[in-house]
Amino acid sequence: MKKGIYILLCILWVTIQSAAQSTHPLTDEATRLFDQKDLKSAQTIIQKALNDPKEKGDSYTWYVAGFIQKEIYKASETNNRTSPARKEAVRLLEKSIVLDSKREHTEMSHAALRYLAVSYFNDGLTRTREITKESAHEPEELYTEFRRIMRIINPSADFNEYDKQIFKALGEAHYSMWENDSKDAAAAAKANEYFQKVLIIDDNDCEALFDLVILNYNQGVYKIRSIDLNTDLSDLIPMQESAIRYFNIALPYAEKCFENCPKKVEYYKGLMFCNRSLGKEERYLELKNELEQFVQNQKR
Amino acid sequence: MRARLYAICALFLLLIGGYSARAQKLDESDTRALIHANFMYQFATNCNWPAESKKGKFYIGVLGNADVFEAAKEKFGAKPVGSQIIEVVSLTEIPTTQLFHIILVDKSKKAELPKALRELKNKSTLIVTNWEGALSTGAHINFKSLDGSIRYEMNENAILDRKITPGVKIIQWKVG
């Protein structure tokens, strides 16, 4: 009896194996090589599978191909923002989803795509730290790809938090560009544009509010600092008035930040300095006293 | 294989966030002090002092405002006015012996103005102040705030009494 069952199981196992092998042998070979961490050979074999008439119509083959490409990206191209392997992985996984009419592998493809999408997002953020005038468009391009992929995973995805993060990072990046070259008014204008975009999403975003205080206030200070010994009296007054315009722009942001955000030393200072620069000395001194109290209370 | 690949996917999801490169900082410079200092330099270069005051250094004293003193010192200390080199001095009281070409009496030292007027009566010292009503109490030039902008009013006759001639530009840009 036991022997009979054993023979039956063997027959069943052989049948399953042969059925599986006959469905997509190249894909299975690629996965076997992948298991052995031989990514290069796995990639070669899966390419054959993608061109094989019997296997190229199977969404699983495309999923495995995408997965292998993703692993190649992870193994050797994570420092490459323009990684061809990542791009190819996305393409293959997208194709797998299109072919997956029974939605057998879609969930797995989504998981792999999510990983890749997030890598685009992180690259976009990282890139903001090192942009120049010439490469200023790159973070947004990477971010656009993140959004595109995420929409494949979830067409109704909410990007507000991601938008805020990238816009703030881009605003700060352009602010740094302005700081490095204070004559670059376009960089300051761009920084302003990005911070304003954050406020469109969330008009109480404390970081963006304070970024706008810094951006405008410091531009005013820069105007005053640029008055030098060669500045004629007839230029000094218009330069001062130009600075005052910036302080006046910064003030409402400083007030909103101070009123609506959790108290911070920097928020006190933002409002204090705007008031001082506009000659509102009483308010400046009042805030200065409040700040001293606040600092003392924090120490306790 | 399929289950295993899925598990790997889940394991390697990256975490979004943690990005914070907030390097932006407020410039804490006292902009009012910087402007006061710049105006003082304009007064120095756009007024004419009597010949006997054109020897040695050009002294600018600041009484009661450390920020203006620092700004002035940093901005034009040791720079020339004609053939004289500017020296900016932080004062603790009205100087009675040494000639100062310009003295700024800050509002925190308002009570010192009468003394300054009395002690410097016979000297070619331009007395500059920064509070409302100072001109009517004898200051030569007084800073005032107009819509947040620092401007100045002046008493030309009082300046001429000290044998100092204000230049055309100084007169042109005064207010009040």
Side-chain angles (χ1 to χ4, degrees), chain A residues 28 31-32 35 60 63-64 67 71 74 105 107-108 111-112 114-115 118-119 121-122 125-126 128-129 162 165 169 172-173 175-176 179 207 211 213-215 217-218 220-222 224-225 227-229 231-234 236-237 240-241 243-244 247-248 266 269-270 273 276-281, chain B residues 1-35 37-39 41-43 45-46 67 71 75-76 79-81 86 107 130 143-152 167-170 172-173 175:
Chain A
D28 286 347
T31 55
R32 192 187 59 77
D35 280 346
Y60 180 64
Y63 164 68
V64 171
F67 198 94
E71 293 303 308
K74 278 167 58 180
H105 317 296
E107 197 182 338
M108 294 187 294
R114 188 173 291 112
Y115 174 92
V118 173
S119 74
F121 181 81
N122 287 341
L125 277 186
T126 307
T128 60
R129 296 175 191 169
Y162 304 116
Q165 272 197 67
E172 284 163 11
Y175 174 82
S176 296
E179 229 178 13
E207 285 181 353
D211 281 334
V213 175
I214 296 173
L215 174 67
Y217 179 80
N218 283 4
V221 176
Y222 167 72
I224 288 169
R225 282 194 169 282
I227 298 169
D228 62 21
L229 299 184
T231 305
D232 193 81
L233 184 56
S234 56
L236 190 157
I237 290 165
Q240 186 193 180
E241 277 169 3
I244 298 287
F247 299 144
N248 271 318
E266 54 183 353
K269 285 185 174 179
F273 296 153
R276 182 177 65 185
S277 295
L278 290 166
K280 298 174 183 178
E281 203 168 343
Chain B
M1 172 64 191
R2 292 180 194 209
R4 205 189 58 79
L5 280 181
Y6 180 77
I8 289 173
C9 266
L11 272 174
F12 283 94
L13 273 179
L14 287 178
L15 289 174
I16 293 179
Y19 175 87
S20 182
R22 300 189 61 77
Q24 289 177 244
K25 281 198 165 60
L26 280 169
D27 186 326
E28 299 198 7
S29 315
D30 182 344
T31 56
R32 309 292 281 184
L34 286 168
I35 293 169
N38 279 306
F39 270 122
Y41 179 74
Q42 295 290 340
F43 301 152
T45 53
N46 286 295
D67 288 337
K75 201 91 182 176
F76 52 77
K79 297 287 188 304
V81 172
I86 295 175
K107 57 179 164 295
N130 59 0
F143 289 119
K144 57 192 294 180
S145 188
L146 282 184
D147 299 325
S149 179
I150 297 173
R151 303 295 289 270
Y152 61 89
V168 177
K169 281 183 184 166
I170 296 292
Q172 193 184 351
W173 285 97
V175 292

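Model, not experiment: these values are computed from the prediction. Note on naming: letters A, B, ... go to the chains in the order of the sequence lines (proteins, then strands), and numbering restarts at 1 for each one.
- Y222(A) does not touch chain B: none of its heavy atoms, backbone or side chain, sits under 4.5 Å away.
- Checked against the 6.0 Å centroid threshold, F43(B) and Y152(B) count as a close aromatic pair.
- Ring pair Y63(A)/H105(A) is parallel by interplanar angle, where below 30° counts as parallel and above 60° as perpendicular.
- Side-chain atoms of D27(B) come within 3.5 Å of backbone N or O of S29(B) as a donor-acceptor pair.
- Put simply, the side chain of N46(B) never gets that close to the backbone of V168(B): no donor and acceptor are under 3.5 Å apart.
- In terms of non-hydrogen atom pairs under 4.5 Å with chain A, the most contact-rich of K79(B), K169(B), E28(B) is E28(B).
- Residue contact with chain B, scored on non-hydrogen atoms closer than 4.5 Å, involves the side chain of I244(A) exclusively.
- For a residue to count as touching a neighbouring chain, one of its non-hydrogen atoms must lie under 4.5 Å from one of that chain's; by this rule I237(A) touches chain B with the side chain only.
- In this structure, Q42(B) contributes its side chain and T231(A) its backbone to a donor-acceptor pair below 3.5 Å.
- Using a 4.5 Å cut-off between heavy atoms, Y41(B) contacts chain A through its side chain alone, with no backbone atom that close.
- Highest contact tally toward chain B, considering only L229(A), V221(A), I224(A), is held by L229(A) [criterion: heavy-atom pairs under 4.5 Å].
- Contact of D147(B) with chain A is made through the backbone alone, with heavy-atom distances under 4.5 Å.
- Of the listed residues (A243(A), G270(A), S234(A), S176(A)), the one with the most heavy-atom contacts under 4.5 Å to chain B is S234(A).
- Among the candidates D232(A), L215(A), D228(A), V213(A), the residue making the largest number of heavy-atom pairs closer than 4.5 Å to chain B is D232(A).
- Of the residues considered (E241(A), Q240(A), K269(A)), Q240(A) shows the highest number of contacts with chain B, using heavy-atom pairs under 4.5 Å.
- Listed for the K75(B) side chain is a donor-acceptor partner under 3.5 Å among the backbone atoms of R225(A).
- With a 4.5 Å cut-off on non-hydrogen atoms, L236(A) touches chain B through its side chain but not through its backbone.
- Between the side chain of R32(B) and the backbone N or O of S277(A) there is at least one donor-acceptor pair closer than 3.5 Å.
- Contact annotation for N248(A): neither backbone nor side-chain heavy atoms come within less than 4.5 Å of a heavy atom of chain B.
- The residues K107(B) and E281(A) are annotated as salt-bridged, a charged nitrogen and a carboxylate oxygen being separated by less than 4.0 angstrom.
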